[in-house]
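Bear in mind the structure is a predicted one, so any value in this text is a computation, not a measurement.
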Amino acid sequence: MRHGTGTWINDAARRAESIIGVHGVRGVKILVGQLNRIAYHGVRFECPVCDSRLRRWSFYGHPAHGQRICPVCRAAARHRYLWYTLTRRGLLPRPGERVLHVSPEWILERKLRDIVAVEDYLSVDLLPGRAMRVMDLTAADCAGGQFDLALGSHVLEHIPEDRAAMRELHRLLRAGGRLLLQVPINRHARTDEDPSVTSSVEREARFGQGDHVRVYGLDLAERLREAGFSVDVCDPRLDCAPAAYVRHAFDDDPGRLSQSIVFLCRKA
């Protein structure tokens with residue numbers, strides 16, 4: 001996917017939300033998804049989020065280099081692998097556990113809210129109207145030690161003070177709590193960041209997107225351990241049988257940054 005294309009689609013989605021509201025946009029997505037469940041039905045692929053069986057994927061961007069999207073629930077590769085990790089590793093919330101969902105994806109929000117009680121789910125985002133509560137993740141206005149599970153997919157690469165955000169996430173979790181994080185990852189280099197790079201044009205050229213402030217390497221695990229977590233790196237290329245990797249389309253083109261790796265963190 002060309003980042004310019006992705007930015008245009010995101011802007012269009014925000015304009016639609018401003019006209020018919022977030023719930024209106026979600027209603028349209030659900031209706032289109034149900035129609036696509038019929039149109040795309042097949043046996044070659046399967047989405048682990050909505051359990052749809054598909055003859056092919058939809059695409060976000062150009063089919064030659066775009067992300068493969070579930071045409072029913074709109075889950076991208078990273079969402080599919082995150083849900084697969086939650087279910088296969090027994091990490092889903094149990095009765096009475098509280099969930100913190102940072103910058104929530106609507107399809108995963110729906111799945112989680114079907115599992116936990118209404119009062120046990122909280123979504124947060126820095127931008128108003130995007131979640132249940134506006135929150136700066138580097139200075140969370142929540143009491144510590146109250147969540148059992150926290151999720152944040154493709155959030156940290158937007159935050160200049162990412163170490164402060166990691167410390168806050170550690171503070172918010174109860175002992176034994178688990179945090180699942182995803183960011184775009186360069187498997188072959190350490191984290192690249194430079195606070196002097198401030199223009200969106202320079203950031204897109206260096207970090208891949210105009211609102212990203214770094215490109216992480218696998219050394220992200222070191223920062224998370226500094227914040228107090230134990231960390232396991234779940235890589236779909238190593239974690240899955242080849243048949244499952246292909247059937248669920250868990251990662252993007254190998255020449256791109258990995259979008260799906262999960263950093264599974266636990267608070268002692």
State plainly whether the residues [X] and [Y] are in salt-bridge range, i.e. N to O under 4.0 Å.
| X | Y | result |
| --- | --- | --- |
| Glu46 | Arg247 | yes |
| Arg214 | Asp162 | yes |
| Glu168 | Arg163 | no |

Next on the checklist: Using ring centroids (six-membered ring only for Trp), state whether Phe229 and His170 fall under 6.0 Å.
Outcome noted: yes

Next on the checklist: Do Arg55 and Tyr40 form a cation-pi contact, if we require the NZ or CZ to be under 6.0 Å from the six-membered ring centre and within 45 degrees of the ring's axis?
Outcome noted: yes

Treat each ILVMFWY residue as a node, draw an edge where side-chain heavy atoms are under 4.5 Å apart, and state whether [X] and [Y] are in one component.
| X | Y | value |
| --- | --- | --- |
| Leu218 | Tyr216 | yes |
| Leu181 | Val213 | no |
| Val233 | Leu169 | yes |
| Tyr81 | Leu86 | yes |

Item to check | Pairs involving residues 36-45, ordered by first then second residue, that meet salt bridge (Lys or Arg N to Asp or Glu O under 4.0 Å) (sequence neighbours left out) | outcome: none

Checklist entry - Should the ring pair Phe45 and Trp57 be called parallel, tilted or perpendicular, given that the plane angle runs from 0 to 90° and is split at 30 and 60? => result tilted

State, with a plain yes or no, whether a side-chain heavy atom of [X] is found less than 4.5 Å away from one of [Y].
| X | Y | value |
| --- | --- | --- |
| Leu173 | Leu100 | no |
| Val124 | Val134 | no |
| Val102 | Leu137 | yes |
| Ile261 | Pro236 | yes |
| Tyr84 | Val262 | no |

Next on the checklist: Would you say that more than 12 heavy atoms from the other residues, nucleotides or ligands in this model lie under 6.0 Å from the CD of Glu161, or not?
Outcome noted: no

Checklist entry - For the atom pair SG (Cys73) and CD (Glu105), what is the distance rounded to the nearest 0.5 Å? => result 11.5 Å

Next on the checklist: Tell me which pairs pass ring-ring contact (aromatic ring centres under 6.0 Å, His included) where either residue lies in residues 126-158, with sequence neighbours left out.
Outcome noted: His158-His212

Checklist entry - Out of Arg203, Arg223, Arg206, which one pairs with Glu193 under the salt bridge (charged side-chain N to carboxylate O under 4.0 Å, His left out) rule? => result Arg223

Checklist entry - Who pairs with Arg89 by side chain to side chain contact (heavy atoms under 4.5 Å, CB included), at least two apart in sequence or on another chain? => result Thr85, Leu91, Cys234, Asp239, Leu264

Checklist outcome for this item: What one should report as the nearest heavy-atom pair of Ala77 and Asp251 is CB-N, 4.0 Å

Next on the checklist: Pairing donors with acceptors under 3.5 angstrom, does anything connect the side chains of Arg98 and Gln146?
Outcome noted: yes

